[in-house]
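Data block below; observations after.
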Amino acid sequence: SKRYGNQAPGTKTSQNPNVCIYTDTSGSVGELELIEQLGHAGGILRTLNADVTIKMFHTEVYGEQKFKPGSPVKVKEVQSGGTDLDPVIKDAYSRNYDLSIILTDGYYATVSIPPQEGKRVVFIISKNGQEDHPLKKYGITVKCV
C-alpha cells in the first residue's frame, strides 16, 4: 500500500505466465474453422491468468496482438497462404514464452528445427484436422471434439 509505506507493504503474487497462441490461417483452414480456432483462443484467455499474445501464421508469422485475461479476441486482418511451421517454431523457441499453443488443422510438413528440451508447446488440432501430424514430437497434441 502506497498510503502506509513499509508498514503494510501488501502482497504480490508471482508474475503471470507468458503465453503465445499461434493461429493457423493457411488455405487449408476454412472460415468456420478459423472462427472455431479464435473461439478456442477466447476460451484460453478466459481461463488463464496469463499475459497472452496471439499471432497468426501461414508461411510466415504475422499480426501480433497482446491480450489481457478476459478480453475479447478481435482480429484485425487475416492473410492466407500455404502452411509452413518453421517460422512458428523459430518464433516460439526464440522467445521466452512459458507456453506456446498452436491452433491448427495439422496439415503441414515437418520443420528443419530440432525439438528443444524445456520448451512447452501444445498443438490443438481442429475437429476435422489431422491428429497424426508430423510435429507430434515437439509437444503435446490435443484434438478438438
Side-chain angles (χ1 to χ4, degrees), residues 1-2 8-145:
S1 170
K2 291 179 185 177
T11 59
K12 182 177 178 182
T13 59
S14 61
Q15 287 185 320
N16 289 345
N18 195 7
V19 176
C20 187
I21 301 173
Y22 297 91
T23 303
D24 187 351
T25 63
S26 65
S28 63
V29 175
E31 186 177 337
L32 292 176
E33 203 169 7
L34 178 59
I35 291 169
E36 182 180 294
Q37 286 183 4
L38 293 173
H40 291 309
I44 292 167
L45 278 172
R46 282 190 296 279
T47 57
L48 282 181
N49 186 19
D51 296 326
V52 179
T53 302
I54 295 181
K55 298 180 182 184
M56 309 292 221
F57 75 92
H58 46 80
T59 55
E60 61 186 44
V61 177
Y62 70 95
E64 180 174 328
Q65 295 180 56
K66 301 225 183 254
F67 289 90
K68 300 283 183 199
S71 62
V73 176
K74 294 181 183 175
V75 177
K76 296 176 185 173
E77 182 181 324
V78 176
Q79 301 173 9
S80 187
T83 311
D84 184 4
L85 263 73
D86 261 309
V88 174
I89 298 298
K90 278 182 193 172
D91 189 73
Y93 282 4
S94 67
R95 312 282 178 122
N96 285 329
Y97 295 123
D98 296 307
L99 176 64
S100 297
I101 300 171
I102 302 172
L103 300 171
T104 182
D105 60 0
Y107 294 106
Y108 42 78
T110 191
V111 296
S112 61
I113 305 157
Q116 289 183 11
E117 286 290 322
K119 298 293 184 176
R120 294 184 183 107
V121 179
V122 175
F123 294 89
I124 299 179
I125 308 294
S126 57
K127 267 190 260 189
N128 299 323
Q130 175 180 310
E131 188 174 4
D132 192 27
H133 62 98
L135 301 181
K136 286 185 95 162
K137 62 185 175 189
Y138 285 75
I140 298 169
T141 299
V142 178
K143 172 102 177 188
C144 294
V145 289

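Starting from 1, each residue takes its place in the sequence as its number.
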>> List the residues meeting side-chain contact (heavy atoms from CB on, under 4.5 Å) with K119, not counting sequence neighbours, and say none if there are none.
In response: Y93, N96, Q116
> Less than 4.5 Å apart, any side-chain heavy atom of T59 and any of P87?
Replying inline: no
> Which residues pass the side chain to side chain donor-acceptor pair (under 3.5 Å) test with Y138, sequence neighbours left out?
Replying inline: none
> Mind checking whether F57 and I102 have side chains closer than 4.5 Å, heavy atoms only?
Replying inline: yes
>> Checking side-chain hydrogen bond (donor to acceptor under 3.5 Å, both in side chains) between T141 and each of H133, K136, E131, which is the one that passes?
In response: H133
> Are F123 and L85 close enough that some pair of their side-chain heavy atoms sits under 4.5 Å apart?
Replying inline: yes
> About how many Å separate NZ of K55 and CD1 of I21, when rounded to the nearest 0.5 Å?
Replying inline: 12.0 Å
> Which distance, rounded to the nearest 0.5 Å, do you find between the CG of D91 and the CD of E60?
Replying inline: 12.0 Å
>> Looking at every non-hydrogen atom in both residues, tell me the closest pair between P134 and G106 and how far apart they are.
In response: CD-O, 4.2 Å
> Which pairs pass side-chain hydrogen bond (donor to acceptor under 3.5 Å, both in side chains) with one or both residues in residues 98-107, sequence neighbours excluded?
Replying inline: D24-T104, S28-D105
> Got more than 12 heavy atoms from elsewhere within 6.0 Å of CD1, I113?
Replying inline: yes
> Has the side chain of T25 got a donor or acceptor atom that lies under 3.5 Å from a matching backbone atom of Q79?
Replying inline: yes
> How would you list, by chain and number, every residue that makes a ring pair (Phe, Tyr, Trp, His ring centres under 6.0 Å) with H58, sequence neighbours excluded?
Replying inline: Y62
> K143 side chain to D132 main-chain N or O, any donor-acceptor pair under 3.5 Å?
Replying inline: no
>> Among residues at least two apart in sequence or on other chains, which ones pass ring pair (Phe, Tyr, Trp, His ring centres under 6.0 Å) with Y97?
In response: none
> Residues in side chain to side chain donor-acceptor pair (under 3.5 Å) with E36, at least two apart?
Replying inline: none
